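Working notes for the structure below.
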2 protein chains.
Amino acid sequence: MASVDRSLVANLPMFAGLAPAEQDELLREARSIRYPKGSAVFDQGAKADHFYLLLHGHLRVEKVTLQGQQSVVRYVSGGELFGVAQAMNLTHYPATAVAAVDSIALAWPSSSWNRLLTKYPSLASSALQTVGSRLQDTQARVLEMSNEQVEQRVAHALLRLAKQAGRKVDAGVEIDFPISRQDVAEMTGTTLHTVSRILSAWEQQGLVEGGRQRIVLRDANRLHVLAEGDEGALNRKPNP
Amino acid sequence: MASVDRSLVANLPMFAGLAPAEQDELLREARSIRYPKGSAVFDQGAKADHFYLLLHGHLRVEKVTLQGQQSVVRYVSGGELFGVAQAMNLTHYPATAVAAVDSIALAWPSSSWNRLLTKYPSLASSALQTVGSRLQDTQARVLEMSNEQVEQRVAHALLRLAKQAGRKVDAGVEIDFPISRQDVAEMTGTTLHTVSRILSAWEQQGLVEGGRQRIVLRDANRLHVLAEGDEGALNRKPNP
DNA sequence: CGTTTTCTTGATGGATATCAATTTTAGTGG
DNA sequence: CCACTAAAATTGATATCCATCAAGAAAACG
């Protein structure tokens, strides 16, 4: 197997604190794997035998309940650590990770986690930050589901997606991977029907531009207003 | 200020991996603080200058949105690490922690976090586990809010509370701190009215026993059935 | 070009928020 | 110890958001 070039990862937060020699050493323990669109990196409930760093592409992380309802937990983008079940002392993956587009990831054996952790304390920091910011996001979602109604939640979800995986196009900002109404519904706790209605209405108002598995935000500002239920937002600075 | 006795904390997961001398050293850097019922350990938005270990008592962690709606994020019980904002690279506390009963916590300066982390790798592990299991819990809540209706969510919330902070009494299991209908509503994304109606109905069926800021679970099994929407649960083993 | 997947749109019903009024309980100070 | 007050809880009536049911159109795919 071809070894991974240091330059691909050197400026990721996870590797930032390490000397080049250390980076090489860490990379030597990993192998790089290609995941074609639609394939699973790991399945919910499977033994957590690896942890990963996504080099290229986008993954959809989904979870099914005991009763069989499916939800989209989040999307993983390039540069992110994922599948770190071992770090949280889980023996099995709590969710399934599916490639939303053709993707490439580095895989380390879970068994080396503890050794690597003691050898590279910066790995602990970056894992903590990864998990920590995921916790922040998830708690934000709980607040949204508690306090907001569907239209606001969908607006929030799209804005988050655009921030995380938005690609500038002339019409606005396009979400950089195929995403269906059903996917958005599973992220926001609603149905594809309601999402479809909302997007149709927004399209008429020039807020978004739709398509099959495709969403472009045309007016992020007005979406922000909708998301916050806040009529004054347009007059304020972008990041208060 | 009196120093903290090692025996109080030696068997907590956070200290388990450390030698007695190390435990003492860690404790020497902390100070112990009393928080009377109703007082705040820290406030949402305040500079995150300490992280904590709860020695005794119960805290309610709450968060208010931009629009002013309040939610209960979780309850902290004895032995738990909390306020570890620094570990997730947050400079300010993302929520408020209020003593639900008279409580005692150990406080370390956030500034020593990174030094302690490198010195005691087991601290990293235990912080990761703390944050990780919190993430699991929060994601479970998202799934519940997406897929379940209010009655199921309330059942889940009470079962979780009983597991975390249940005290065996002759009538069943009592939640070991004062908790109002409003609090339960803020945990489950509903209103105190709906919670009140649900608890009243359950009381008539002998599932729970209520009171002012007081909830006793009389039949955890049947509550489990309600929570899972699963008529077969009564015939199965407690932990599948 | 048929088949499947995704998306759209209308009609209806139901769960639960909201509005409104009391009652119960605990705490406080005279 | 008891009246007074504030906080918490209960319960009914009404309104509404959105899930569900239903049908079909549009887009992709082999």
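Because the structure is predicted, anything quoted here is derived from the model rather than measured. Throughout, protein chains are lettered first and strands after them, A, B, ... in sequence-line order, and every chain is numbered starting at 1.
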Task: Donor + acceptor pair across side chains of Gln152(B), Glu144(B) (<3.5 Å) - done: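 Glu144(B) and Gln152(B) do not have a side-chain donor-acceptor pair below 3.5 Å.
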
Measure from [atom1] on [X] to [atom2] on [N] and round the result to the nearest Å.
X         : N       : atom1 : atom2 : result
Leu192(B) : dT25(C) : CG    : C1'   : 16 Å
Ile198(A) : dG10(C) : CD1   : P     : 15 Å
Arg181(B) : dT23(C) : CZ    : P     : 19 Å

So, for [X] and [Y], which heavy atoms are closest and what is the spacing to 0.1 Å?
X         : Y         : value
Leu135(B) : Val131(A) : CD2-CG1, 4.0 Å
Leu59(A)  : Ala97(A)  : CD1-CB, 4.3 Å
Ser103(A) : His58(A)  : OG-N, 3.2 Å
Arg214(A) : Arg181(A) : O-NH1, 3.9 Å

Which pairs, protein N/O on one side and nucleotides 15-19 of chain C N/O on the other, fall under 3.5 Å?
| unit_1 | atom_1 | unit_2 | atom_2 | d |
| --- | --- | --- | --- | --- |
| dT16(C) | OP1 | Val150(B) | N | 2.8 |
| dA17(C) | OP1 | Thr190(B) | OG1 | 3.2 |
| dA17(C) | OP2 | Thr190(B) | OG1 | 2.7 |
| dA17(C) | OP2 | Thr191(B) | OG1 | 3.4 |
| dA17(C) | OP2 | Thr194(B) | OG1 | 2.6 |
| dT18(C) | O4 | Arg197(B) | NH2 | 3.0 |

TODO: Evaluate the side-chain contact (heavy atoms from CB on, under 4.5 Å) criterion for residues Phe42(B) and Val61(B): first the C-alpha distance (whole Å), next the side-chain angles of each, then the deciding distance (0.1 Å), finally the verdict.
DONE: CA-CA 10 Å; Phe42(B) 51 76; Val61(B) 180; 5.9 Å; no

TODO: Hey, could you give me the CZ/OH distance between Arg60(A) and Tyr75(A), rounded to the nearest 0.5 Å?
DONE: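 Going from the CZ atom of Arg60(A) to the OH atom of Tyr75(A) covers 5.0 Å.
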
Open item on the list: Rounded at 0.5 Å granularity, tell me how far CG in Leu217(B) sits from CG in Leu159(B).
Closed with: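 If we round to the nearest 0.5 Å, Leu217(B):CG and Leu159(B):CG are 6.5 Å apart.
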
Open item on the list: Tell me the bend of the helix from dC1(C)-dG30(D) to dG30(C)-dC1(D) as the angle between end helix axes, each from five pairs, rounded to the nearest 10 degrees.
Closed with: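 The angle separating the two end axes equals 50°.
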
Task: Start and end of chain B contact along DNA chain D [non-hydrogen atoms, under 4.0 Å] - done: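 The contacted stretch runs from dA7(D) to dA13(D).
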
Open item on the list: Closer than 4.0 angstrom, basic N to acidic O: yes or no for Arg167(A) and Glu174(A)?
Closed with: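 Answer for the salt bridge query: yes.
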
- [ ] Could you check which residues of residues 208-216 of chain B get a heavy atom under 4.0 Å from DNA chain D? Sort them by number, please.
- [x]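 Contacting residues: Gly211(B), Arg212(B), Gln213(B).
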
- [ ] For Lys47(A), check side chain to side chain contact (heavy atoms under 4.5 Å, CB included) against everything at least two apart and list the hits.
- [x]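 With sequence neighbours excluded, Lys47(A) shows a side chain to side chain contact (heavy atoms under 4.5 Å, CB included) to His92(A), given in chain and number order.
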
Task: Set of residues satisfying side chain to side chain contact (heavy atoms under 4.5 Å, CB included) with respect to Ser196(B), sequence neighbours excluded - done: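 Result, side chain to side chain contact (heavy atoms under 4.5 Å, CB included) vs Ser196(B): Ser200(B).
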
Task: Candidates His224(A), Arg141(A), Glu228(A) - the one meeting side chain to side chain donor-acceptor pair (under 3.5 Å) with His156(A) - done: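 One option only clears the test, and that one is Glu228(A).
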
- [ ] Assess whether side-chain contact (heavy atoms from CB on, under 4.5 Å) is satisfied between Gln164(B) and Glu80(B), documenting all intermediate values.
- [x] CA-CA 11 Å; Gln164(B) 188 198 337; Glu80(B) 283 185 56; 3.4 Å; yes

TODO: Remember a base hit wins even if backbone is also touched, and classify Ser196(A) as base, sugar-phosphate or nothing at under 4.0 Å, heavy atoms.
DONE: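 Counting heavy atoms under 4.0 Å across all strands, the contact made by Ser196(A) includes a base.
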
